[in-house]
*Asks:* 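First, the structure itself, so that you have it in front of you.
First the proteins, then the strands, lettered A, B, ... as listed; each starts at 1.
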Amino acid sequence: MDSHVIMHMDLDYFYAQCEERENPSLKGKAVVVCVYSGRSAHSGAVGTANYIARGYGVKAGMPISLAENILQNVDAAFIPVNYKLYEQFSENVMALLRNYGESFEQASIDEAYLDVTGKVNGNFEVARKLASHIKEEIKIKEGLTCSIGVGPNKLIAKMSSDFKKPDGLTVIEPNEVRNFLFPLPVGKLYGVGKKTEEKMATLGIKTIKDLAHFNPDRLAELFRGKLGLYFHRASNGLDDEPVQERGEAEQISRMTTLKENTRELPQILPELKRLAHDVYIKVTEQELDFTSVSIIAIMEDMSTHSKTKSLEAATPEKGVIYTVAEKLFQALLKERSELNVRRIGVRVAGLTKRKGQKPLHNFLS
DNA sequence: GTATGCTTTCGGC
DNA sequence: TTACGGCCGAAAGCATAC
């Protein structure tokens, strides 16, 4: 037994499925979970949609008005997001999953990895039965379907859970890894984004197979840092990232849409202050210090701009967030002197668990 | 030049 | 015909140090 057995679970069309679960009369309808901006009755974007809505072409991120148009002759429900509801379902499912792996890693609100190597004694057929059992238990206890992928490492587990959904179960044994990966376009490989895919295309690399057979030394020259080695290993199905509990989130941010597009500070700064306060509350709840503060601005043409200031040392202080955010925002406005602002955001990052005694507030002020 | 880490933008849900 | 959120982590871009 030399192979790990890793499982990746992904809850299907998560937000919309939670809504169906809360309100069974939605079953059979196109369900669209909406993030309304509050600007006008229909302004906002689609958070996610169930498979009936997707069948008509509705996708996450599209304008709500467009989804309404597409579904105008369809029995459809447009529901505002209810994050609290989804967090509750997520907590329940994650608590249930934790019991099954010797190690567990929650990757997002609706995804998790389990290392079940010992539990199934390295046997992939036993792992299939276990995955089937887990799906059943989530279905019975929470009324939700999910897709599970099983593979010899996290990379393959993740890609196989994606292979069949919704309600899928895909098991890729070590000797099947290459047959599974090789036909896929190289852009499907985790870590290969649009730019990298384009660069690889110019090198004649179209599929994961092409990448796997590409000279590794040449690959290391072409992609800076550890990337070349990573691409070589990943395309050959190799990955040794451990399944481990994640620490706190790496960043915390809050965003909002302004009532109207503007460059007027009296309209913008009070909102910025509110966002800074909300971020502070979240940071304090989790007892975190942060080492950088950023602001994000989305202009009337939907272009995104951001500015970050790294701090001298990790701090938990409230005043720092707004003070820095305001400075950054004014600087950004100066740089982008042509356009009005539509949305703004505040972010802190470089989060670490607060340690030691309470900090001396205002010591330097 | 290459490796690394920080900043900015992208993209999924 | 257009239409457009909030949050996160990943990818890409940039600066710095040798």
*Asks:* Are His305(A) and Phe329(A) near enough that their ring centres are under 6.0 Å apart?
*Replies:*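 No, the ring centres sit 6.0 Å or more apart.
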*Asks:* Roughly, in whole Å, what's the span from NZ in Lys59(A) to P in dG12(B)?
*Replies:*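 For the pair Lys59(A) NZ and dG12(B) P, the rounded distance is 11 Å.
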*Asks:* Glu197(A) has an atom CD; how far is it from atom P of dC10(B), in whole Å?
*Replies:*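 Interatomic distance, CD of Glu197(A) to P of dC10(B): 17 Å.
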*Asks:* For the side chain of Gln251(A), counting heavy atoms from C-beta on, which of dA3(C), dC8(C), dT9(B) is nearest?
*Replies:*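 Selected nucleotide: dC8(C).
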*Asks:* Please state how far atom NE2 in His42(A) lies from atom C1' in dT1(C), giving the value in whole angstrom units.
*Replies:*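 After rounding, the reported distance stands at 17 Å.
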*Asks:* Using a strict 4.0 Å threshold on nitrogen-to-oxygen distance, state whether Arg342(A) and Glu260(A) make a salt bridge.
*Replies:*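 Here Arg342(A) does not pair with Glu260(A) in a salt bridge, since their nearest N and O are not under 4.0 Å apart.
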*Asks:* Hey, does the side chain of Arg254(A) come within less than 4.0 Å of dG6(C)'s phosphate (OP1/OP2), counting only N and O?
*Replies:*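 Answer is no, no contact under 4.0 Å.
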*Asks:* Considering every strand and a 4.0 Å limit on heavy-atom distances, what is the contact class for Ser294(A): base, sugar-phosphate, or nothing?
*Replies:*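 Contact class for Ser294(A): none.
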*Asks:* How would you label the contact of Gly61(A) with the nucleic acid (heavy atoms, under 4.0 Å): base, sugar-phosphate, or nothing?
*Replies:*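 Contact class for Gly61(A): base.
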*Asks:* With a 4.0 Å cut-off on heavy atoms, is Val192(A) in touch with a base, just the backbone sugar-phosphate, or nothing at all?
*Replies:*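 The residue Val192(A) makes sugar-phosphate contact but no base contact.
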*Asks:* Under 4.0 Å, counting only non-hydrogen atoms across every strand here, what does Tyr190(A) touch: a base, just sugar-phosphate, or nothing?
*Replies:*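 The residue Tyr190(A) makes sugar-phosphate contact but no base contact.
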*Asks:* How far, in whole Å, is dC13(B) from dC4(C) if one measures between their P atoms?
*Replies:*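 It comes out at 23 Å once rounded to the nearest Å.
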*Asks:* Between dG5(C) and dG12(B), how far is it from one C1' atom to the other, in whole Å?
*Replies:*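 Comparing C1' positions in dG5(C) and dG12(B) gives a spacing of 13 Å.
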*Asks:* Taking the minimum atom-to-atom distance to the side chain of Ser253(A), which one of dC4(C), dC6(B), dC7(C) wins?
*Replies:*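 Ranking dC4(C), dC6(B), dC7(C) by closest atom to the Ser253(A) side chain puts dC7(C) first.
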*Asks:* What is the distance, rounded to the nearest whole Å, between atom CD of Glu312(A) and atom C1' of dC6(B)?
*Replies:*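 To the nearest whole Å, that distance equals 15 Å.
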*Asks:* If you check every side-chain atom of Thr257(A), which of dG5(C), dG9(C), dC4(C) has the closest atom?
*Replies:*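 Ranking dG5(C), dG9(C), dC4(C) by closest atom to the Thr257(A) side chain puts dG5(C) first.
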*Asks:* Under 4.0 Å between a side-chain N/O of Ser108(A) and OP1 or OP2 of dG9(C), yes or no?
*Replies:*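 The answer is no; no side-chain N or O of Ser108(A) sits under 4.0 Å from OP1 or OP2.
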*Asks:* Measure the acute angle between the ring planes of Tyr86(A) and Tyr83(A), then classify it against the limits of 30° and 60° as parallel, tilted or perpendicular.
*Replies:*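 Tyr86(A) and Tyr83(A): perpendicular rings.
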*Asks:* State whether Tyr83(A) places a side-chain N or O below 4.0 Å from either non-bridging phosphate oxygen (OP1 or OP2) of dG6(C).
*Replies:*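 No, outside the criterion.
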*Asks:* What integer distance in Å separates Met62(A):CE from dC13(B):P?
*Replies:*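 My rounded result for the distance is 14 Å.
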*Asks:* Rounded to whole Å, please give me the gap between CD1 in Ile296(A) and P in dG11(B).
*Replies:*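 Distance, rounded to whole Å: 17 Å.
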*Asks:* When the distance from CD1 of Ile252(A) to P of dG6(C) is rounded to whole Å, what number comes out?
*Replies:*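 Checked: the CD1 to P distance equals 18 Å.
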*Asks:* Where the side chain of Arg343(A) is defined as all heavy atoms beyond and including C-beta, which of dA3(C), dG5(C), dT7(B) is the nearest nucleotide?
*Replies:*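 Output: dG5(C).
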*Asks:* Could you note down all residue pairs passing salt bridge (Lys or Arg N to Asp or Glu O under 4.0 Å) where residues 15-25 of chain A supplies at least one of them, sequence neighbours left out?
*Replies:*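 Found Glu20(A)-Lys27(A).
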*Asks:* Both Thr196(A) and Ser65(A) contact DNA chain C. Which one's nearest nucleotide lies toward the 5' end?
*Replies:*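 Final value for this comparison: Ser65(A).
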*Asks:* Do Asp240(A) and Arg233(A) sit within salt-bridge range, that is, some charged N less than 4.0 Å from a carboxylate O?
*Replies:*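 Salt bridge flag = yes for Arg233(A) with Asp240(A).
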*Asks:* Considering every strand and a 4.0 Å limit on heavy-atom distances, what is the contact class for Gly44(A): base, sugar-phosphate, or nothing?
*Replies:*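 Touches sugar-phosphate only.
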*Asks:* Between Glu136(A) and Lys139(A), does any side-chain N to carboxylate O distance fall below 4.0 Å?
*Replies:*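 No.
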*Asks:* Do you reckon Met7(A) sits in the same ILVMFWY cluster as Met159(A), going by side-chain contacts under 4.5 Å, direct or chained?
*Replies:*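 No, because Met7(A) and Met159(A) fall into different hydrophobic clusters, even though each may have its own neighbours under 4.5 Å.
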*Asks:* Aromatic contact between Phe180(A) and Phe163(A), with the criterion being ring centroids under 6.0 Å apart: yes or no?
*Replies:*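 Between Phe180(A) and Phe163(A), the centre distance is under 6.0 Å.
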*Asks:* Please tell me if Arg347(A) has a side-chain N or O lying less than 4.0 Å from either OP1 or OP2 of dG6(C).
*Replies:*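 No, outside the criterion.
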*Asks:* Just compare dT9(B), dC13(B), dA3(C) and give me whichever is closest to any side-chain atom of Asp110(A).
*Replies:*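 Minimum distance to the Asp110(A) side chain belongs to dC13(B).
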*Asks:* Does Phe104(A) have any ring pair (Phe, Tyr, Trp, His ring centres under 6.0 Å) partners at least two apart in sequence or in another chain, and if so, which?
*Replies:*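 Checked Phe104(A) against ring pair (Phe, Tyr, Trp, His ring centres under 6.0 Å); zero matches.
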*Asks:* Using heavy atoms and a sub-4.0 Å distance, could you list which residues of residues 297-308 of chain A are near DNA chain B? By number, please.
*Replies:*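 Heavy-atom contacts with DNA chain B come from Thr304(A), His305(A), Ser306(A), Lys307(A), Thr308(A).
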*Asks:* Look at all strands and tell whether Ser292(A) reaches a base, only sugar-phosphate, or nothing, counting heavy atoms closer than 4.0 Å.
*Replies:*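 Since no nucleic acid heavy atom lies under 4.0 Å of Ser292(A), the category is nothing.
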*Asks:* So Ile64(A), base contact, sugar-phosphate only, or nothing? Heavy-atom distance under 4.0 Å.
*Replies:*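 The residue Ile64(A) makes no contact with any strand.
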*Asks:* Can you tell me how far C1' of dC8(C) sits from CG of Leu351(A), to the nearest Å?
*Replies:*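 My rounded result for the distance is 12 Å.
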